[in-house]
Structure formats: structure tokens, C-alpha cells
Amino acid sequence: QGVADTIPSSWQYPEVTCTQIKLEDRAYTSKHFSESKWILSQEIVVFGKKAGTVEVCLLEERPTGDEGPFLKEERNLINAIAERLGRIIERKRAEEALEKQKTFMDNIIDSLWDTVYIFDPETGTGIRWNRVLEEISGYDYQKMKHYPPTHFYPEEEHMRIEKVMQEIQEHGLARTELSYITSDGSRIPFEYSIVPVSGPEGQKWLCSIGRNITKRKEDEEIKEQLE
């Protein structure tokens, strides 16, 4: 609406100039807008398709210019306005699409039974984790975010974590078993798959997917006792 209100003041005859911007099923008009036979218009193109038009009308007849009563500079200006609006709409729709995609991926991650933990290996900062991990860990958001990954595992397993990091550098992925320490000190055996992932701005992060193997470990102990 703001664009439609400001356009008339940029025309040669602002006192008799009015504007209408049509965008899909909406129309934005300046004060005293009325259809006129003296009209200058330009399509708004979004991702290669017509999405609307910018129309500038004169309410009274004026001397002939370069295009009817309009100047070539006014033609250039309306073209630039329409192009600018198209780019703004493209950017907004791209942002909306990314937000929908993020929500979709977040819903998928939160629906998994396995734990998901994405972190920055350089700083140790947690980037994203799913609801299952948060429920199992018992940590609040701030602690989960700022504790380095090694905080959640016993010291005697830290060497194994270092080997995992080296394996990722050499082979691009790694698998291991570690004991996850919850906020109350309990230890839960997990089997992990760790792979590199790229952040939205090309950041180099790691994604750790963990499966609780408590039942498997219990079954293995029972089998060993029977043997």
C-alpha cells in the first residue's frame, strides 16, 4: 500500500495522478483512484510469471508526451518499480518456502525415535537436536546448547570420541557406541552414526544420530550368562 501511495508524487502531474497495484487477488490504490483512459502500466513478474501490474492513471487530459501524456522517464520509472516489486515478492516467497521447509524438516526430526544432535565441531556448540534427545537428557535448552559434546559422555570414552572425529575426517562418516550421561547422572548405552552436514550458510557441522541399545546390551549379557 505504501508504494501505491507514494508513486503519484513522482509523476509530472501529481495533482491528477493516481495509482493502482494489482497483485494476484488484491489491489492497492492511491487516494482518489479511478479508472482512466490515460494509463501507463507494467507487469509485475515473479519467478518468470505475471503476478500483477502497476498502473498509473491521469484523471484529466494533459499534453502529449513520449507515450500518450506520459514521459519516457515515467515509463522507465514504472518499469523499475514493477521490477523492484517483483524481486521483493520473489525474496519474500523464497523466505516463506525456506521457513516451510525448515518446519517440515523439524517435524520429521522430532518424529524420529532415534536421537538427533547437530553441533559445530569447531566450537562444540549445539545447533539443533530433536525432542527425543531433550526428553532423554533431562537438560534444559541453554545447557544443551553450550555444553560441548564430550560433556555428555564419561571421561574414559573421550579417547573413543577423538578416534571418531579422526575417522570422519578420513572417511566422511563414523559409527561408534558410547554411554550417554543424562542430567541425573544415569548412563544409557547408544549406538551412533555421525556424518558431516552443511549449515544454511555453508557451515561445516556434524550430525549424530543415536539409537538406544539398552535392550540389546541386556540381551547380550543374558546370552553371555547362559553360555
Mark yes when over 12 heavy atoms from residues, nucleotides or ligands other than His32 sit less than 6.0 Å from its NE2; otherwise mark no. no

Is Lys72 paired with Asp66 through a side-chain N to carboxylate O contact shorter than 4.0 Å? no

Trace of the side-chain hydrogen bond (donor to acceptor under 3.5 Å, both in side chains) decision for Trp38 with Glu61: CA-CA 7 Å; Trp38 302 290; Glu61 186 175 4; 5.0 Å; no

Is Val54 linked to Val16 within one hydrophobic cluster, defined over Ile, Leu, Val, Met, Phe, Trp and Tyr using a side-chain heavy-atom separation of less than 4.5 Å? yes

Arg62 and Glu60 ion-paired at < 4.0 Å: yes

Is Glu43 paired with Lys22 through a side-chain N to carboxylate O contact shorter than 4.0 Å? no

Under a 4.0 Å N-O cut-off, is there an ion pair linking Asp219 with Lys215? yes

With Tyr153 as reference, evaluate Tyr180, Tyr117, Phe190, Tyr147 under the ring pair (Phe, Tyr, Trp, His ring centres under 6.0 Å) test and give the passing residue. Tyr180

Rounded at 0.5 Å granularity, tell me how far CD in Glu74 sits from CD1 in Ile81. 10.5 Å

Within-4.5 Å side-chain heavy-atom neighbours: Phe119 and Trp129: no

Is a side-chain donor or acceptor of Ser30 paired with a backbone partner of Thr19 at a separation under 3.5 angstrom? yes

Identify the heavy atoms of Asp120 and Lys204 that sit nearest to each other, and give their distance. OD1-O, 4.2 Å

Determine whether a donor-acceptor pair (N or O, by modelled atom type, separation under 3.5 Å) exists between the side chain of Asp110 and the backbone of Asn130. no

What I'd like to find out is whether the side chain of Cys57 reaches to under 4.5 Å of the side chain of Phe33, using heavy atoms alone. yes

Does Gln101, at its CD atom, have more than 12 non-hydrogen atoms belonging to other residues, nucleotides or ligands within less than 6.0 Å? no

Quick check on Glu96: does its CD atom have over 12 non-hydrogen neighbours (other residues, nucleotides or ligands) under 6.0 Å away? yes

Residues Pro14 and Ser9: closest non-hydrogen pair is CB-CA, 4.0 Å

Tell me whether Phe47 at atom CZ has more than 12 heavy atoms from other residues, nucleotides or ligands lying less than 6.0 Å away. yes

Spacing of Leu112 atom CG and Leu133 atom CG [to the nearest 0.5 Å]: 12.0 Å

Report the C-alpha separation of Val116 and Cys207 in whole Å, then their side-chain angles, then the decisive distance to 0.1 Å, and conclude whether the side-chain contact (heavy atoms from CB on, under 4.5 Å) test is met. CA-CA 7 Å; Val116 176; Cys207 177; 4.0 Å; yes

Minimum heavy-atom separation for Leu58 and Ser36, please, with both atom names. O-OG, 2.5 Å

Is Lys49 salt-bridged to Glu24, going by a charged N under 4.0 Å from an acidic O? no

Mind checking whether Ile7 and Leu23 sit in one hydrophobic cluster, side chains of I, L, V, M, F, W, Y counted as touching below 4.5 Å? yes

Which pair of non-hydrogen atoms, one from Pro121 and one from Leu206, has the smallest distance, and what is that distance? CB-CD1, 3.9 Å

From the options Val197, Val195, Thr125, select the one residue that forms a side chain to side chain contact (heavy atoms under 4.5 Å, CB included) with Trp205. Val197

Test Trp11 against Phe70 for side-chain contact (heavy atoms from CB on, under 4.5 Å), laying out the working first. CA-CA 9 Å; Trp11 252 245; Phe70 301 100; 3.6 Å; yes

Could you see if Ile89 belongs to whatever hydrophobic cluster contains Ile78? Use Ile, Leu, Val, Met, Phe, Trp, Tyr and a side-chain cutoff under 4.5 Å. yes

Quick check: closest heavy atoms across Ser179 and Glu157, and the distance to 0.1 Å? N-OE1, 2.8 Å

Would you give the length of the straight line joining atom CG of Leu178 to atom NE2 of His158, rounded to the nearest 0.5 angstrom? 9.0 Å

Are the side chains of Leu40 and Glu67 in contact, using a 4.5 Å heavy-atom criterion? yes

Note, Thr103 side chain near Lys100 side chain (heavy atom, < 4.5 Å): no

For Glu167, is there any backbone N or O sitting under 3.5 Å from a side-chain donor or acceptor partner on Glu170? no

Looking at Glu99 and Arg93, is there a salt bridge between them, counting it only when a charged N and a carboxylate O are closer than 4.0 Å? no

Looking at side-chain heavy atoms only, is the closest gap between Ser193 and Leu173 below 4.5 Å? no

For the pair Glu177 and Arg211, evaluate salt bridge (charged side-chain N to carboxylate O under 4.0 Å, His left out) and give the outcome as yes or no after the intermediate values. CA-CA 9 Å; Glu177 292 183 8; Arg211 176 160 295 182; over 6 Å; no

So, Arg216 and Glu191, do they make that salt bridge, N to O below 4.0 Å? yes

Nearest heavy-atom neighbours spanning Ala51 and Val46: CB-CG2, 3.6 Å

If you round to the nearest 0.5 Å, how far is CD1 of Ile136 from OG of Ser183? 11.5 Å

Under a 3.5 Å distance rule, please check whether Thr29 uses its side chain to pair with a backbone N or O of Gln20 as donor and acceptor. no

Does any non-hydrogen side-chain atom of Val56 lie less than 4.5 Å from one of Ile39? no

Would you compute the distance between atom CD of Glu95 and atom NZ of Lys92 and round it to the nearest 0.5 angstrom? 9.0 Å

Would Glu83 and Arg87 pass as an ion pair if we require N to O under 4.0 Å? yes

Which value, rounded to the nearest 0.5 Å, describes the distance between Phe152 atom CZ and Ile188 atom CD1? 13.0 Å

Test log, rule side-chain contact (heavy atoms from CB on, under 4.5 Å), inputs Cys18 and Leu59: CA-CA 7 Å; Cys18 56; Leu59 300 177; 3.6 Å; yes

Is the shortest heavy-atom distance from the side chain of Thr214 to the side chain of Glu218 under 4.5 Å? yes

Pairwise side-chain contact, Ile21 with Val3, heavy-atom cut-off 4.5 Å (strictly under): yes

Same cluster or not: Ile209 versus Ile168, using hydrophobic residues (I, L, V, M, F, W, Y) connected whenever any side-chain heavy atoms lie under 4.5 Å apart? no

Single-linkage hydrophobic cluster Met144~Ile118, side-chain heavy atoms < 4.5 angstrom: no

Quick one: do Arg160 and Lys163 satisfy side-chain contact (heavy atoms from CB on, under 4.5 Å)? Show the steps, please. CA-CA 5 Å; Arg160 193 181 306 172; Lys163 290 181 179 179; 5.6 Å; no

Evaluate Glu134 against Arg128 for salt bridge (charged side-chain N to carboxylate O under 4.0 Å, His left out), listing each step before the verdict. CA-CA 10 Å; Glu134 193 167 310; Arg128 173 73 170 90; over 6 Å; no

Between Arg75 and Gln42, is a side-chain hydrogen bond (donor to acceptor under 3.5 Å, both in side chains) present by the stated rule, with each step listed? CA-CA 9 Å; Arg75 162 53 67 188; Gln42 180 61 31; 3.1 Å; yes

Results of salt bridge (Lys or Arg N to Asp or Glu O under 4.0 Å) for Asp5 - residues two or more places apart only: none

Does atom CD of Glu156 have more than 12 heavy-atom neighbours from other groups under 6.0 Å away? yes

